[in-house]
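In what follows, a structure is listed as structure tokens, so that the remarks can point back to it.
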Number of protein chains: 2
Amino acid sequence: MTSIHDVARRTGVSIATVSRALRGLPNVSPRTRELVQAAAAELGYVPSPSASGLSGGRHRAVALVIPSTGRWFYNRVVEGADSVLRGEGFDTFLVILAATMRNRQDLFRNALLRKRSDAVIALGIDFTVAEKEELRDLEMPAAVVGSAVPGVHSVGVDDAAAATAAVEHLLGLGHRRIGHIGGETAYGMDRSVGEDRSTAWREALERHGIAPHPSWHGLGQFLMPPAKAATTRMLHGEEPPTAIFAGSDEMAFGVLVAAAELGLRVPEDLSVIGIDDHDWSESYGLTTIRQDPYEQGRTAARTVLDALAGVESPILTRRSGFELVLRRSTGPLPRG
Amino acid sequence: MTSIHDVARRTGVSIATVSRALRGLPNVSPRTRELVQAAAAELGYVPSPSASGLSGGRHRAVALVIPSTGRWFYNRVVEGADSVLRGEGFDTFLVILAATMRNRQDLFRNALLRKRSDAVIALGIDFTVAEKEELRDLEMPAAVVGSAVPGVHSVGVDDAAAATAAVEHLLGLGHRRIGHIGGETAYGMDRSVGEDRSTAWREALERHGIAPHPSWHGLGQFLMPPAKAATTRMLHGEEPPTAIFAGSDEMAFGVLVAAAELGLRVPEDLSVIGIDDHDWSESYGLTTIRQDPYEQGRTAARTVLDALAGVESPILTRRSGFELVLRRSTGPLPRG
DNA sequence: GTGAAAGCGCTAACAA
DNA sequence: TTGTTAGCGCTTTCAC
């Protein structure tokens with residue numbers, strides 16, 4: 001494993017100069033810098049993260065905290081964040097909050113995390129009050145993806161607006177009995193995302209003078225199987241809806257499967273809309289509100305990287321865009 | 001950030017003793033050890049991975065190399081591996097082989113990876129010959145999940161056997177026109193997994209005197225959308241199959257969606273079987289060959305951890321189990 | 001059973 | 001512009 005000394009020896013300069021040259025610091029003559037860079041490349045030298053972490057406090061790693069690996073959204077964010085991090089020479093290490101609460105004690109106060117990484121990106125997590133404070137008081141850059149935490153950088157769609165757009169689409173098609181499969185109860189999930197979407201659904205209906213029937217609100221935990229089950233129950237209820245707004249595309253898939261099993265045609269008998277534009281949505285012909293988690297991950301990564309570089313942007317809550325994608329799963333309310 | 005010195009001061013012993021006590025090394029009196037452990041707990045002391053990495057060469061981290069985050073199988077393996085790693089105090093850091101080849105140069109020779117982690121777990125990767133050698137010659141423990149690499153620890157199902165079981169199931173139901181949606185062409189994937197399954201399909205048919213029609217073999221890239229597209233083409237061909245064996249459940253979902261769109265009833269008009277037992281398969285009523293990637297991840301993690309502890313097991317290729325899970329997507333060939 | 005001291009490979013003053 | 005030096009927080013001889 002070649003060290004900084006090897007590069008120094010090879011170039012005839014001191015290790016301090018090698019360090020400066022390689023990190024792009026000033027006070028290095030262009031010629032020296034070139035020489036050093038050439039030697040480093042030739043020798044395949046890569047600075048030891050342990051050593052620089054110890055001495056300079058820079059570990060060249062950021063922690064990515066996710067509730068689980070099981071949802072499309074998280075995976076996309078992880079890939080997005082990792083792509084810019086790796087591009088800048090940072091490693092990404094994963095903190096998966098398993099179903100067991102164990103890993104979650106003092107989540108952000110956790111010394112290991114702090115001793116190993118330079119920044120934290122946390123996604124879609126239903127933070128406790130204590131955790132929000134920990135996050136805010138963390139002595140390193142942090143960003144959250146999904147929901148806003150006061151005092152911390154965040155990226156995400158405006159959930160209320162996105163959900164409203166979905167419901168308005170159904171209302172515009174003439175539907176009035178509009179059900180909703182929400183995700184707000186899942187453990188460890190960002191509660192506010194699910195709640196904001198559900199609240200927006202309810203309020204949109206009420207604005208149009210519709211009082212949602214209690215059976216129109218099902219709980220899908222942001223997962224396909226429970227969404228399917230909830231939909232089946234809903235469609236068996238009295239006054240079944242003619243349209244369903246699912247809080248995520250994965251839940252919308254569950255709605256579609258449930259409908260198919262009951263022999264309902266989509267969109268003739270039931271219109272379905274989701275949020276996300278999952279990789280599979282086009283194949284399902286699912287109408288949805290598209291958002292871009294990959295880009296959100298990239299933005300979060302850039303934010304913490306900027307902060308590490310001293311470029312502290314004042315913008316705290318960043319809203320990423322969304323758009324309605326029309327496909328085959330929604331249609332006008334048939335004249336009854 | 002409390003350091004080893006704080007613990008030493010608090011206990012009145014030297015830092016060397018603290019180090020020994022905490023790591024469970026011999027030559028520490030029981031009483032001292034207790035005192036040290038108590039003080040460490042009280043102070044919330046966690047050894048700095050950078051420092052121990054630098055001095056002792058133990059980083060307490062393992063690299064998890066995955067092609068992408070987009071497939072269920074990988075995610076399950078990652079969660080499984082992470083669960084045991086974290087349990088032993090190791091961090092998991094991710095190396096995602098993006099679609100761009102960039103990250104892949106000298107994959108396992110990559111100094112950064114070696115300077116940061118104690119072991120490597122690589123999954124489902126279509127290794128080049130050079131990479132297989134790098135992996136074998138790596139001066140740290142390694143394990144692969146999915147396919148066997150000669151000379152390296154590996155875990156995975158016997159793909160040929162699992163695929164054969166799937167096809168035999170369809171044959172047993174009387175089907176003879178059995179199509180296959182395979183995954184062997186996807187970039188960056190472990191080619192042998194897809195190929196082994198496809199070969200097994202072909203051989204099973206041939207053993208029964210059936211010459212598979214060329215149109216019966218579609219390419220699904222281990223992803224749902226291309227699997228759906230390939231299925232649609234296959235079912236539109238001459239001599240459409242009465243049953244389809246998909247190389248993974250995600251591809252089987254694509255088959256189901258394609259069939260539904262064409263108005264085919266499952267299993268009356270088309271039987272479908274997959275491999276995996278994906279989280280969603282039960283909701284789809286999909287008959288499948290179940291395997292357990294979570295457990296495979298755990299096994300891989302234990303293997304490298306054992307090796308790090310000096311317990312080098314001689315078993316190189318570990319076969320993990322599979323079983324047929326009967327659901328509603330397969331049925332007897334209707335008498336034509 | 002325990003401590004002192006030398007390093008691991010870097011970064012960050014401070015000199016020159 | 002460059003080099004020297006003192007750590008960063010541990011592990012690991014080697015003494016005691």
Side-chain angles (χ1 to χ4, degrees), chain A residues 1-37 39-40 43-61 89 91 111-112 114-118 139-140 308-310, chain B residues 1-37 39-40 43-61 89 111-112 114-118 139 308:
Chain A
M1 208 81 308
T2 86
S3 85
I4 198 172
H5 285 104
D6 301 314
V7 182
R9 207 168 311 137
R10 189 86 128 99
T11 343
V13 300
S14 72
I15 60 167
T17 300
V18 172
S19 176
R20 282 188 287 251
L22 258 22
R23 283 180 302 148
L25 294 187
N27 296 328
V28 177
S29 78
R31 179 169 156 59
T32 306
R33 195 184 301 274
E34 267 177 42
L35 252 44
V36 170
Q37 286 170 336
L43 296 172
Y45 167 70
V46 174
S48 151
S50 293
S52 39
L54 235 202
S55 60
R58 285 300 193 239
H59 299 103
R60 300 201 73 75
D91 280 321
L112 235 191
R114 286 151 70 206
K115 284 186 173 174
R116 218 204 238 315
S117 60
D118 302 324
E139 69 282 27
M140 57 181 163
L308 282 174
Chain B
M1 211 80 306
T2 87
S3 86
I4 197 171
H5 285 104
D6 300 314
V7 182
R9 209 168 310 138
R10 189 87 130 99
T11 343
V13 300
S14 72
I15 60 167
T17 300
V18 172
S19 176
R20 284 188 286 250
L22 258 23
R23 284 181 301 147
L25 295 186
N27 295 326
V28 177
S29 79
R31 179 170 155 59
T32 306
R33 197 184 299 273
E34 266 177 43
L35 253 43
V36 170
Q37 285 170 335
L43 296 172
Y45 168 69
V46 175
S48 151
S50 294
S52 40
L54 235 202
S55 61
R58 285 297 192 238
H59 299 102
R60 300 200 74 75
L112 236 192
R114 285 151 71 206
K115 284 186 174 175
R116 220 205 237 315
S117 60
D118 302 323
E139 68 281 27
L308 282 174

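So you know, we letter chains A, B, ... as the sequences are listed, proteins then strands, and number each from 1.
- Looking at every heavy atom in both residues, A:R20 comes nearest to A:V28 through CB-CG2, 3.7 Å.
- Comparing D:dT1, C:dA12, D:dC10 against the side chain of A:N27 picks out D:dT1 as the nearest.
- Using a 4.0 Å cut-off, some side-chain N or O of A:S29 falls inside it from OP1 or OP2 of D:dT2.
- Between the CG atom of A:L54 and the P atom of C:dC8 there is a distance of 14 Å, rounded to whole Å.
- Between the C1' atom of D:dG9 and the CZ atom of A:R116 lies a distance of 14 Å, rounded to the nearest Å.
- Nucleotide C:dG9 holds its P atom 9 Å from the CG atom of A:D6, rounded to whole Å.
- As rounded to whole Å, 14 Å separates atom C1' of D:dT2 from atom CD1 of A:I4.
- Place B:A51 and B:R23 on DNA chain D by their nearest nucleotides, and B:A51 ends up nearer the 5' end.
- Not counting sequence neighbours, the partners of A:S3 by the side chain to side chain contact (heavy atoms under 4.5 Å, CB included) test are A:H5, A:D6.
- If you take CG of A:L22 and C1' of C:dG9, they are 14 Å apart, rounded to a whole angstrom.
- For B:S55 and D:dC10, a side-chain-to-base donor-acceptor distance below 3.5 Å is present, hydrogens and geometry of angles not being considered.
- The C1' atoms of five pairs define one axis at each end of the helix from C:dG1-D:dC16 to C:dA16-D:dT1, and these two axes lie 40° apart (to 10°).
- Look at A:R58 and you won't find any side-chain N or O under 4.0 angstrom from OP1 or OP2 of C:dC10.
- Remark: B:S52 pairs with no residue by the side-chain hydrogen bond (donor to acceptor under 3.5 Å, both in side chains) rule, at least two apart or across chains.
- Judged as a side chain to side chain contact (heavy atoms under 4.5 Å, CB included), and not counting sequence neighbours, the contacts of B:L35 are B:T11, B:R31.
- In terms of the salt bridge (charged side-chain N to carboxylate O under 4.0 Å, His left out) criterion, residue partners of B:R10 (sequence neighbours excluded) are, by chain and number, B:E42.
- The CZ atom of B:R31 sits 10 Å away from the P atom of C:dT2 (whole-angstrom rounding).
- Between B:V7 and B:A39, the shortest heavy-atom contact is CG1-CB, 4.1 Å.
- Contact check, B:S19 against D:dT11: a side-chain N or O comes under 4.0 Å of OP1 or OP2.
- Take B:R114 and apply the salt bridge (charged side-chain N to carboxylate O under 4.0 Å, His left out) test, not counting sequence neighbours, and it matches B:E139.
- Under the side chain to side chain contact (heavy atoms under 4.5 Å, CB included) criterion, B:S19 pairs with B:I4, B:R23, not counting sequence neighbours.
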Item to check | Stepwise side-chain contact (heavy atoms from CB on, under 4.5 Å) check, A:L308 with A:R58 | outcome: CA-CA 9 Å; A:L308 282 174; A:R58 285 300 193 239; 3.9 Å; yes

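- Atom P of nucleotide D:dG9 and atom NE2 of A:H59 are separated by 10 Å, given to the nearest angstrom.
- For the pair B:R114 CZ and C:dG9 C1', the interatomic distance rounds to 16 Å; values are reported in whole Å.
- Residues satisfying the side chain to side chain contact (heavy atoms under 4.5 Å, CB included) criterion with A:S48, sequence neighbours excluded, are A:S50, A:A51, B:K115.
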Atom pairs under 3.5 Å, N or O on each side, protein against nucleotides 3-5 of chain D: can you list them with distances?
{"from": "D:dG3", "atom 1": "OP2", "to": "A:S14", "atom 2": "N", "distance (Å)": "2.8"}
{"from": "D:dG3", "atom 1": "OP2", "to": "A:S14", "atom 2": "OG", "distance (Å)": "3.1"}
{"from": "D:dG3", "atom 1": "OP2", "to": "A:T17", "atom 2": "OG1", "distance (Å)": "2.8"}
{"from": "D:dG3", "atom 1": "N7", "to": "A:R20", "atom 2": "NH2", "distance (Å)": "2.9"}
{"from": "D:dG3", "atom 1": "O6", "to": "A:R20", "atom 2": "NH1", "distance (Å)": "3.1"}

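- Backbone-only contact: B:T32 has heavy atoms under 4.0 Å from sugar-phosphate atoms and none from a base.
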